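In what follows, chains carry the letters A, B, and so on, assigned in the order in which the sequence lines appear, proteins first and then strands, with residues in each chain numbered from 1. The structure displayed is predicted, hence computed values, not measured ones.
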2 protein chains.
Amino acid sequence: MRVSTRVEYGMLALVDIAMYSESGSSVSTADIAGRENISQKYLEQILPLLRQAGLIKAQKGLKGGYYLSRSADKFTMSDILNALDNSILEEMEVTGSVNDGGLRDTVNSCLWGRINSELNRYVENMSFADFLSECRNNTPGQWDLYSI
Amino acid sequence: MRVSTRVEYGMLALVDIAMYSESGSSVSTADIAGRENISQKYLEQILPLLRQAGLIKAQKGLKGGYYLSRSADKFTMSDILNALDNSILEEMEVTGSVNDGGLRDTVNSCLWGRINSELNRYVENMSFADFLSECRNNTPGQWDLYSI
DNA sequence: ACTAAACCTATTGACATAGTAGGTAAATAG
DNA sequence: CTATTTACCTACTATGTCAATAGGTTTAGT
């Protein structure tokens, strides 16, 4: 399954922010770009998507940066993905003859509709905090310094 | 979730072939294009993908067309999707620093790897026959004429 | 021989992606 | 007050994929 770098980097940056922002502090795009080896300029286009969705907040100026706008158990993976790509979780738009009750509608709802439902159920039921825990469990040792 | 028309039409055409090819007969691209309201020329590019994957066979010349190369319970939805789009079921390719054990690898495997695994499990465990049955169950009445 | 079918290749317009680049606004340190 | 550092905004570009359209070739049946 192909995922755009915009979504990949956005998710990665959010995890980075969660890990490296102590209480009260923030994380700059330069920090993230350096740690995760991403173009800083590109990140500067991606992070506003998460801010506009209300998931992170920004602090301008010296010592500024980004931090989570609320605790990680207060939003879901679905929230994040929707912020980064408004089509990734959307139901397939029906091309051509819409809802004529023909084969096309049947196939689309039975296959793509079903897959889409399962995917949505999965990401809606997983909070960002759940995800961070799972990451931590899968790579023990790496996360020991951080409280998440 | 966005799905290309190539995959959508290919799947639809295969269902059409399964429904409308009686034993021994075949279904032409003109038939499918007319019934499903798809460009015939475009279909002519898509169906060879299914043929090359061994799912259908083609008969050239007058009264020619396509038919299933084996019964619908002998191949899976995964086979079909792979034939139509070799990246749709593939694991995300890691961009940039590969497998460095950093955050990127962890996030990718915990989220995209997981989603990809679930998707693959779903389509590998569903035979084409299973899918046809499900379509039939979801739209009773429409399929009564056909033996599938 | 004629016709109808699959098959093959090239071309095109539209769109999204993955950045790069340059400048603006705001906040802080000195 | 000024300089610096940060987020923010907009424009541009190169690349690739999609979704066809088009035209010609091969094969097989009548």
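Taking atom CG of A/Asp85 as the reference point, atom P of C/dA16 lies 11 Å away to the nearest angstrom. The CG-P distance, from A/Leu84 to C/dT17, rounds to 12 Å in whole Å. Between the C1' atom of C/dT20 and the CG atom of A/Leu43 lies a distance of 14 Å, rounded to the nearest Å. Remark: P of C/dA5 and CG of B/Leu47 are 14 Å apart, rounded to the nearest angstrom. Rounded to whole Å, atom C1' of D/dA7 lies 14 Å from atom CG of A/Leu50. C/dA6 atom P lies 15 Å from atom CG of B/Leu49, rounded to whole Å. When the P atom of C/dA14 is taken as reference, atom CZ of B/Arg6 falls 21 Å away, rounded to whole Å. At whole-Å resolution of the value, CD in B/Gln52 and C1' in C/dC8 are 11 Å apart.
Considering only side-chain N and O atoms, B/Arg51 lies under 4.0 angstrom from the phosphate OP1 or OP2 of C/dC8. At the phosphate of C/dA6, neither OP1 nor OP2 sits under 4.0 Å from any side-chain N or O atom of B/Tyr67. Under 4.0 angstrom from either OP1 or OP2 of C/dC15 there lies no side-chain N or O belonging to B/Arg2. Taking only side-chain nitrogens and oxygens, A/Thr29 comes nearer than 4.0 Å to OP1 or OP2 of D/dA7.
In this structure a side-chain-to-backbone donor-acceptor pair under 3.5 Å is present from A/Ser69 to A/Gly54. A donor-acceptor contact shorter than 3.5 Å links the side chain of A/Asp79 to the backbone of A/Thr76. In this structure, B/Arg6 contributes its side chain and B/Ile46 its backbone to no donor-acceptor pair below 3.5 Å.
Using modelled atom types and a 3.5 Å distance limit, the side chains of A/Asp130 and A/Ser127 yield a donor-acceptor pair. Looking only at atom types and distance, the side chain of B/Ser26 has no donor-acceptor partner in the side chain of B/Gln59 under 3.5 Å away. If you check the side chains of A/Thr5 and A/Tyr42, you find a donor sitting under 3.5 Å from an acceptor.
Remark: B/Leu89 pairs with B/Ser78, B/Leu81, B/Asn82, B/Leu119, B/Asn120, B/Val123 by the side-chain contact (heavy atoms from CB on, under 4.5 Å) rule, at least two apart or across chains.
An end-to-end axis angle of 10° holds for the helix from C/dA1-D/dT30 to C/dG30-D/dC1, taken from five base pairs per end and rounded to 10°.
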| field | Annotated protein contacts, base or backbone, on nucleotides 20-30 of chain D with a non-hydrogen cut-off under 4.0 Å, one of B, S, - each | value | BBBBB-BBBSS
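Here A/Arg114 pairs with B/Glu134 in a salt bridge; the nearest charged N to carboxylate O distance falls below 4.0 Å.
With a 6.0 Å cutoff to the six-membered ring centre and a 45° limit on the axis angle, B/Arg51 does not count as a cation-pi contact of B/Tyr66.
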